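Below is one structure, written out as structure tokens, with a few remarks after it.
Each chain gets a letter, A, B and so on, in the order its sequence line appears, and its residues count up from 1. Since the structure is predicted, the reported quantities are computational estimates derived from the model, not experimental observations.
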Amino acid sequence: MKSEPDAFSIDDLKKVKVEPWDGIRNYQARNFMRDQMQIGDQVLFYHSNCDEVGIVGLMKVSSKPYPDPTAFDKKSKYFDPKSDPVNPRWMLVDVRFVKKLKRTVTLSELKQYSQLDGMQLLKKGNRLSIMPVEKSHWDFIFSIV
DNA sequence: GCCAACGTTGGC
DNA sequence: GCCAACGTTGGC
């Protein structure tokens with residue numbers, strides 16, 4: 001799961017411990033939260049759009065999917081008048097801090113490993129902020145960190 | 001700040 | 001249903 005550290009970083013998550021992953025307004029990303037994630041699933045935290053782009057931490061899914069409250073909040077920048085509380089358009093999960101990695105595994109480093117060929121994060125033009133990680137890729141990342 | 005890639009919107 | 005226009009993402 002990606003976040004811009006200026007908006008919400010791994011250090012912010014460490015402080016608050018649990019965070020609703022709100023503001024996702026992309027259907028594919030929503031579908032992963034709504035249809036795939038289970039409580040306890042482990043998640044990589046990725047910093048995007050910053051000086052040191054890459055994987056910075058580990059967290060866990062800590063809630064079932066539920067409607068994103070910011071979609072109903074007129075004062076929120078994520079307000080979506082098309083999301084109806086009776087039939088909510090946007091769903092999210094809570095995530096819980098597990099740990100910060102000893103070092104950032106940068107995007108440029110990730111691109112150098114043939115073991116990670118085909119990883120969705122590394123595909124050209126990838127703009128998804130939430131995506132699945134294959135077990136082999138996951139295991140490799142933790143073998144080098 | 002630039003720009004490629006992608007998603008969404010809306011006219012037809 | 002097509003597609004141009006537009007907005008956003010995100011690396012560099």
Just checking, any donor-acceptor pair under 3.5 angstrom between side chains of A:D12 and A:S9? yes

Could you pull out every donor-acceptor pair under 3.5 Å between side chains of residues 64-74 of chain A and any protein atom, sequence neighbours left out?
from	atom 1	to	atom 2	distance (Å)
A:Y66	OH	A:D94	OD1	2.5
A:D68	OD1	A:T70	N	2.8
A:D68	OD1	A:T70	OG1	2.6
A:D68	OD2	A:G23	N	2.9
A:D68	OD2	A:R25	NH1	3.0
A:D68	OD2	A:R25	NH2	3.4
A:D68	OD2	A:T70	OG1	3.3
A:T70	OG1	A:R25	NH2	3.1
A:D73	OD1	A:K75	N	2.9

Hey, does the side chain of A:R89 reach the backbone of A:P81 with a donor-acceptor pair shorter than 3.5 angstrom? no

Sugar-phosphate only, base, or nothing, as touched by A:K123 at under 4.0 Å among non-hydrogen atoms: nothing

May I ask you to test the A:W90-A:M33 pair for a side-chain heavy-atom distance under 4.5 Å? no

Which parts of nucleotides 3-11 of chain C does protein reach within less than 4.0 Å, heavy atoms only, written one letter per nucleotide 5' to 3' as B for base, S for sugar-phosphate only and - for none? ----BBBBB

Any donor and acceptor pair, going by atom type alone, linking the side chain of A:S3 with main-chain N or O of A:P5 inside 3.5 Å? no

